[in-house]
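For reference, positions follow the sequence shown, starting with 1.
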Amino acid sequence: SFIAILQLTGRVGIHFIAQLETPINELLEENGIEIRKLSGYWQRANPVVNIGQVVTSSGHLSDVILEIDLLESLARNRFVARNFSIDSGYLEFDSGIEELFNFSKNRPPNPFLDFFYFSDKLEVKSEVSLVSSQKKSNYSIRYIAVNGSEGHHHQLAAKFLYVSDRNRQ
């Protein structure tokens, strides 16, 4: 069957994922993203991808682990994670961050938000800086989302760290 062939191919192919780091980085380069230390393995019926570090113009994320829910991804015809975690990082956002999180019902399809909606468990830990023309506010955040048969559950913990004045040298 198609699923059996996909499983067999994936179980063999996941061991060669590190060799895809350079081609993936070539694709991501135009978006200002670079991945480092790509590896993977197979867990139960799902591939697991580890990325040691994701570097962007806004900062970096470390120890990214993505377990792809293969069967649900095929059934929904979209990318679904069984587990997704970011152990640490630092991201800096300017005042335009609200465009990323447009939750209106009339919004155009957004694969980023759909990924959060359909995935089973997400956990993100990072430091975040929100930048305005006058100051930079720094927070430590931890976000957990669990989606199950009883619904969607979200937990966001943010700890204020400090504010810096951007006008001071």
If I take atom [atom1] from residue [X] and atom [atom2] from residue [Y], how far apart are they, to the nearest 0.5 angstrom?
X	Y	atom1	atom2	value
Ile35	Leu61	CD1	CG	12.5 Å
Ile65	Ile51	CD1	CD1	10.5 Å
Asp120	Phe84	CG	CZ	13.5 Å
Glu92	Ser57	CD	OG	10.0 Å
Ile86	Leu122	CD1	CG	9.0 Å
Asn138	Leu130	CG	CG	8.5 Å

In terms of heavy-atom contacts, does CG of Asn31 have more than 12 from other residues, nucleotides or ligands at under 6.0 Å?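 Count over threshold, so yes.
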Please determine whether the number of non-hydrogen atoms from other residues, nucleotides or ligands lying under 6.0 Å from atom CD of Glu30 exceeds 12.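 12 or below, so no.
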Answer whether the closest heavy-atom distance between the side chains of [X] and [Y] falls below 4.5 Å.
X	Y	answer
Lys125	Ser88	no
Pro47	Leu70	yes
Tyr162	Lys136	no
Asn50	Leu66	no
Gln43	Arg82	no

Tell me if the aromatic rings of Phe118 and Phe79 count as close, with their centers under 6.0 Å from one another.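 For Phe118 and Phe79, the ring centres are not under 6.0 Å apart.
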Taking the six-membered ring for Trp, are the ring centroids of His152 and Tyr117 within less than 6.0 Å of each other? yes
Using the rule given for side chain to side chain donor-acceptor pair (under 3.5 Å), can you reason through Tyr90 versus Ser129, listing the C-alpha separation, both sets of side-chain angles and the distance that settles it, and then say yes or no? CA-CA 8 Å; Tyr90 173 82; Ser129 290; 2.8 Å; yes
Look at Lys121 together with Glu67 and state whether they make a salt bridge at an N to O cut-off of under 4.0 Å.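 Salt bridge: no.
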Do the side chains of [X] and [Y] join up, straight or via other hydrophobic residues, at under 4.5 Å, putting them in one cluster?
X	Y	result
Phe115	Val146	no
Leu71	Val48	no
Val49	Leu74	yes
Ile141	Phe160	yes
Leu8	Trp42	no

Sub-3.5 Å donor-acceptor pair from the side chain of [X] to the main-chain atoms of [Y], do we have one?
X	Y	result
Ser126	Val128	no
Asn147	Ser119	yes
Glu29	Glu34	no

Could you go through the side chain to side chain contact (heavy atoms under 4.5 Å, CB included) check for Val80 and Ser73 one step at a time? CA-CA 5 Å; Val80 178; Ser73 294; 3.6 Å; yes
Report the C-alpha separation of Arg142 and Val124 in whole Å, then their side-chain angles, then the decisive distance to 0.1 Å, and conclude whether the side chain to side chain contact (heavy atoms under 4.5 Å, CB included) test is met. CA-CA 6 Å; Arg142 182 174 185 222; Val124 177; over 6 Å; no
Which atom pairs, donor and acceptor, lie under 3.5 Å between side-chain atoms of residues 16-24 and protein residues at least two apart or in another chain?
from: Glu21; atom 1: OE1; to: Lys37; atom 2: N; distance (Å): 3.2
from: Glu21; atom 1: OE1; to: Leu38; atom 2: N; distance (Å): 2.9

Report the relative orientation of the aromatic rings in His154 and Tyr143; use parallel for angles under 30°, tilted for 30 to 60°, perpendicular for over 60°. parallel
